[in-house]
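Working notes, beginning with the structure itself.
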Amino acid sequence: MTVRMIDGQARPGSPPGTTARCEGEPGPVHRISCPCGCGMVATASHQVISGSVEGGNLTRSPSLHMTAPGACGWHGFLVDGVYRSVDEPMPSHSPEVIR
């Protein structure tokens, strides 16, 4: 499943891939509405490789894995503003992602 990132308030029931930048410790974090569409929201403190939510081209590493209690288990990457499941091939033009 491939889902384009949406800049907006990520809260339970938000559209899949809704992503918001928030201030956190020690640096910024992102709140993400699960790309699978289950409605779960997670907070990710992964390293920003390039881009931004506002620019629609955020790339984070390592992979995102929805593993909180009751989570759906979605596992994938956010590359150039697109959420891709680990089951999908990465496009050849994508930047290197640390696994």
Side-chain angles (χ1 to χ4, degrees):
M1 170 191 328
T2 302
V3 176
R4 170 66 56 185
M5 179 184 72
I6 302 168
D7 182 4
Q9 292 298 317
R11 55 180 69 119
S14 295
T18 302
T19 305
R21 183 180 184 276
C22 308
E23 292 304 318
E25 295 293 332
V29 298
H30 290 90
R31 290 191 43 85
I32 299 164
S33 179
C34 187
C36 87
C38 72
M40 179 164 207
V41 174
T43 301
S45 58
H46 297 60
Q47 178 183 0
V48 173
I49 302 299
S50 63
S52 68
V53 173
E54 299 80 12
N57 59 348
L58 182 64
T59 296
R60 297 200 68 145
S61 184
S63 65
L64 300 162
H65 198 178
M66 301 297 199
T67 59
C72 66
W74 184 87
H75 187 196
F77 295 92
L78 174 57
V79 177
D80 199 23
V82 178
Y83 287 97
R84 295 185 190 282
S85 170
V86 294
D87 300 331
E88 294 178 74
M90 296 294 281
S92 59
H93 67 279
S94 295
E96 181 68 24
V97 177
I98 303 166
R99 293 181 191 235

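As a basis for the values below, the full set of heavy atoms in this structure was taken, side chains included, without hydrogen atoms, waters or symmetry mates. What you see is a predicted model; the values in this text were computed from it and never measured.
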Under the side-chain contact (heavy atoms from CB on, under 4.5 Å) test against Ser33, which residue among Pro15, Ser14, Cys38, Pro16 passes? Ser14

Identify the heavy atoms of Gln9 and Thr18 that sit nearest to each other, and give their distance. O-CG2, 3.6 Å

Any chance you could lay out the side chain to side chain contact (heavy atoms under 4.5 Å, CB included) test for Ser52 and Asn57, step after step, and finish with the verdict? CA-CA 6 Å; Ser52 68; Asn57 59 348; 4.1 Å; yes

Val48 with Leu64, same ILVMFWY side-chain cluster at under 4.5 Å: yes

Find the distance between CG (Asp80) and CE (Met5) and round it off to the nearest 0.5 Å. 9.0 Å

Please report the interatomic distance SG(Cys22) to CZ(Arg31), rounded to the nearest 0.5 Å. 6.5 Å

Under a 4.5 Å cut-off applied to non-hydrogen side-chain atoms, are Glu54 and Asp7 in contact? yes

Establish whether Tyr83 and Val41 are linked, either directly or via other cluster members, by ILVMFWY side-chain heavy-atom contacts under 4.5 Å. no

Return the orientation label for the His65 and His75 ring planes: parallel under 30°, perpendicular over 60°, tilted otherwise. parallel

Using modelled atom types and a 3.5 Å cut-off, is there a donor and acceptor pairing between side-chain atoms of Arg4 and backbone atoms of Gly56? yes

Can you tell me how far CD1 of Ile49 sits from CZ of Phe77, rounded to the nearest 0.5 angstrom? 11.0 Å

I'd like to know if Leu58 and Trp74 are part of one continuous hydrophobic network [Ile/Leu/Val/Met/Phe/Trp/Tyr, side-chain heavy atoms within less than 4.5 Å]. yes

Would you compute the distance between atom OG1 of Thr19 and atom CG of Leu78 and round it to the nearest 0.5 angstrom? 6.5 Å

Please give me the minimum heavy-atom distance between Ala42 and Met66, naming the atom from each residue. CB-SD, 3.7 Å

